[in-house]
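The next block holds one structure in the form of structure tokens; read it before the comments.
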Amino acid sequence: PVAGCTSVIGYIPGAPPPALAVRSSPGSRQIQLWHFILELLQKEEFRHVIAWQQGEYGEFVIKDPDEVARLWGRRKCKPQMNYDKLSRALRYYYNKRILHKTKGKRFTYKFDFSHLLLLLWDPRSLCRPPGMPSQRL
DNA sequence: GACGGAATTT
DNA sequence: AAATTCCGTC
């Protein structure tokens, strides 16, 4: 809960682990891919398309890459979206330490929640002078 | 499939 | 800045 932050992450009590809820603040800019991924992961209706992997915390499997790409393309109004392009966007998250690949496991990635939470709850934002923008994801 | 450079788009 | 598009390489 950082003032001026675009994203809000919260723990869902009682939900099966790993449980994280993300929503975008109203009037915020365009949805980001990792928001969208977490959004799908949250909803039971997409369990057959994308789902958390039991065992490794934050690890998820894209069970239907074509469908995830189609849903992402629909959200962004990019009808030409496919898994090749979507996965390139996911690969850009490696350097940002938002995601990394689970090597050897097909269509399997893992959220770096420890780093993500540090980015979102940046302590610097708590002692930020007025007018100075917070770090945005 | 997975990776990452490069040019381009929004 | 965060993808999107395209593509050569392994």
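Treat the numbers as computed from the prediction; the structure is a model and nothing was measured.
Residue Arg106(A) places no side-chain atom within donor-acceptor reach of the base of dG1(B), judged by atom type and a 3.5 Å distance cut-off alone. Judged by atom type and distance alone, Arg88(A) reaches the base of dG5(B) through a side-chain donor-acceptor pair under 3.5 Å. Side-chain to base pairing of Tyr92(A) with dA2(B): no donor and acceptor N or O lie closer than 3.5 Å to each other.
Comment: Glu67(A) does not engage Arg74(A) in a salt bridge, judged by the lack of any side-chain N to carboxylate O separation of less than 4.0 angstrom.
Closest-nucleotide positions on DNA chain B for Ser87(A) and Asn95(A) were compared, and the one nearer the 5' end corresponds to Ser87(A).
The side chain of Lys76(A) approaches dT4(C) more closely than any other nucleotide in the set dT4(C), dG1(B), dC3(B). Checked against dC3(B), dG1(B), dT4(C), the side chain of Tyr94(A) finds its nearest nucleotide in dC3(B). Candidate nucleotides dG1(B), dT5(C), dC3(B) were compared by shortest atom distance to the side chain of Asp84(A), and dC3(B) ranks first.
Taking 4.0 angstrom as the limit, Lys96(A) places a side-chain polar atom (N or O) nearer than this to OP1 or OP2 of dA2(C). At the phosphate of dA3(C), neither OP1 nor OP2 sits under 4.0 Å from any side-chain N or O atom of Lys85(A). When the side-chain nitrogen and oxygen atoms of Trp34(A) are compared with OP1 and OP2 of dA2(C), none of them lie within a distance under 4.0 Å.
Computed from coordinates, the Leu90(A) CG to dG1(B) P distance equals 14 Å when rounded to whole Å. Following rounding to the nearest Å, Lys78(A) (NZ) and dT9(B) (C1') show an atom-to-atom distance of 6 Å. Distance OH (Tyr93(A)) to C1' (dT4(C)): 12 Å, rounded to an integer number of Å. Taking atom CG of Leu99(A) as the reference point, atom P of dA3(C) lies 10 Å away to the nearest angstrom. Spacing between atom CG of Leu86(A) and atom C1' of dA3(C) amounts to 10 Å, rounded to whole angstrom units. To the nearest angstrom, C1' of dA3(C) lies 13 Å from CZ of Arg91(A). A straight line from CG of Asn82(A) to C1' of dC6(C) spans 11 Å, rounded to a whole angstrom. Rounded to an integer number of Å, the gap from CD of Gln80(A) to C1' of dT8(B) is 16 Å.
Ring planes of Tyr83(A) and Phe107(A): perpendicular class, angle over 60° (limits at 30 and 60°). Using a 30° and 60° split on the angle between ring planes, Trp52(A) and Phe60(A) fall in the perpendicular class, above 60°.
Using a 4.0 Å heavy-atom criterion, one finds that Lys103(A) contacts no nucleic acid atom at all.
The number of heavy atoms from other shown groups lying within 6.0 Å of CD (Glu44(A)) does not exceed 12.
The line from CD1 of Ile37(A) to CZ of Phe46(A) is 11.5 Å long, rounded to the nearest 0.5 Å.
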